[in-house]
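Report on one structure; see the data block that follows.
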Amino acid sequence: MFIGTAYSSSADYYADIQANSYANNTENVSRFGPKSPNKRTAIGSRFQSTYGNQTVLAVFTTASAWEVRNNMKNMIGCSMGVMLDGGGSSQIAWKTSSGTKSYWDAGGENRAIQTMVTVNADTWA
């Protein structure tokens, strides 16, 4: 998401991620339609004086890549972030303190989660 890079506009951001996609011989940027509002999932890292280093998992019901980047950076306070899959697979699953499985699905599709990021925290903030 290039959170550490300053951009003057979304056009500059999209040009940069497109250029990086070609430089790294990947087509990932065009595949996920970065300018289109879509369901998106992201993971980031931030530091808060109260809790220390934190891993942040976020799901957006409708956002462009630019909006996800700006929310992760400016609203949530992440210094690093990665955008994961989008569309119908944008969801988060977790276990409550009682061990009950729960989830939030951005599209309400209740799709099976085939691949996931697992976070095993020492403490939860």
Side-chain angles (χ1 to χ4, degrees):
M1 285 190 288
F2 303 108
I3 287 178
T5 304
Y7 296 99
S8 59
S9 69
S10 60
D12 290 344
Y13 172 69
Y14 291 126
D16 193 25
I17 62 174
Q18 189 69 43
N20 275 289
S21 177
Y22 290 133
N24 293 315
N25 197 26
T26 66
E27 296 180 20
N28 192 35
V29 171
S30 58
R31 182 182 64 78
F32 73 82
K35 295 180 185 180
S36 302
N38 201 354
K39 298 179 266 300
R40 301 191 186 272
T41 309
I43 186 169
S45 176
R46 71 179 178 186
F47 178 82
Q48 288 189 331
S49 57
T50 306
Y51 301 109
N53 290 320
Q54 294 180 305
T55 300
V56 176
L57 306 172
V59 175
F60 299 85
T61 55
T62 178
S64 66
W66 174 251
E67 292 166 330
V68 171
R69 176 202 179 270
N70 287 337
N71 282 317
M72 294 294 286
K73 179 180 180 179
N74 301 324
M75 294 182 72
I76 299 173
C78 291
S79 58
M80 187 281 301
V82 176
M83 196 168 335
L84 304 172
D85 205 357
S89 58
S90 290
Q91 51 188 299
I92 293 179
W94 69 90
K95 287 188 178 178
T96 64
S97 58
S98 64
T100 305
K101 184 178 176 183
S102 188
Y103 66 94
W104 185 81
D105 181 349
E109 300 173 31
N110 299 325
R111 291 173 57 176
I113 300 174
Q114 303 299 324
T115 305
M116 68 177 68
V117 174
T118 302
V119 177
N120 294 315
D122 294 329
T123 59
W124 295 95

F60: what forms a ring pair (Phe, Tyr, Trp, His ring centres under 6.0 Å) with it, not counting sequence neighbours?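 So F60 forms no ring pair (Phe, Tyr, Trp, His ring centres under 6.0 Å) with any residue.
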Identify, with sequence neighbours excluded, every residue that meets ring pair (Phe, Tyr, Trp, His ring centres under 6.0 Å) alongside F47. none
Please report the interatomic distance [atom1]([X]) to [atom2]([Y]), rounded to the nearest 0.5 Å.
X: R40; Y: M83; atom1: CZ; atom2: CE; answer: 5.5 Å
X: K35; Y: I17; atom1: NZ; atom2: CD1; answer: 9.0 Å
X: N70; Y: I76; atom1: CG; atom2: CD1; answer: 11.5 Å

Describe, in one word, how the ring planes of W66 and Y13 are oriented to each other, choosing from parallel (under 30°), tilted (30 to 60°) and perpendicular (over 60°). tilted
Ignoring hydrogens and geometry, is there a side-chain-to-backbone donor-acceptor pair from R46 to N53 under 3.5 Å? no
side-chain hydrogen bond (donor to acceptor under 3.5 Å, both in side chains) involving T100 - partner list, sequence neighbours excluded: S98
Answer whether the closest heavy-atom distance between the side chains of L84 and I43 falls below 4.5 Å. yes
With a 4.5 Å limit on heavy-atom distance, are the side chains of I3 and S79 in contact?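 Result no, sub-4.5 Å side-chain heavy-atom pair not found.
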Can you name the closest pair of heavy atoms from A65 and Y14 and give their distance?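 A65 and Y14 have their closest heavy atoms at N-OH, 3.9 Å.
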Heavy-atom pair of closest approach, residues A58 and M72: CB-SD, 3.9 Å
Excluding sequence neighbours, so at least two apart, what forms side-chain contact (heavy atoms from CB on, under 4.5 Å) with [X]?
X: S9; answer: A11, D12
X: S45; answer: M80
X: T62; answer: P37

NZ or CZ of R69 within 45° of F2 ring axis and under 6.0 Å: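 Output no; distance or angle outside limits.
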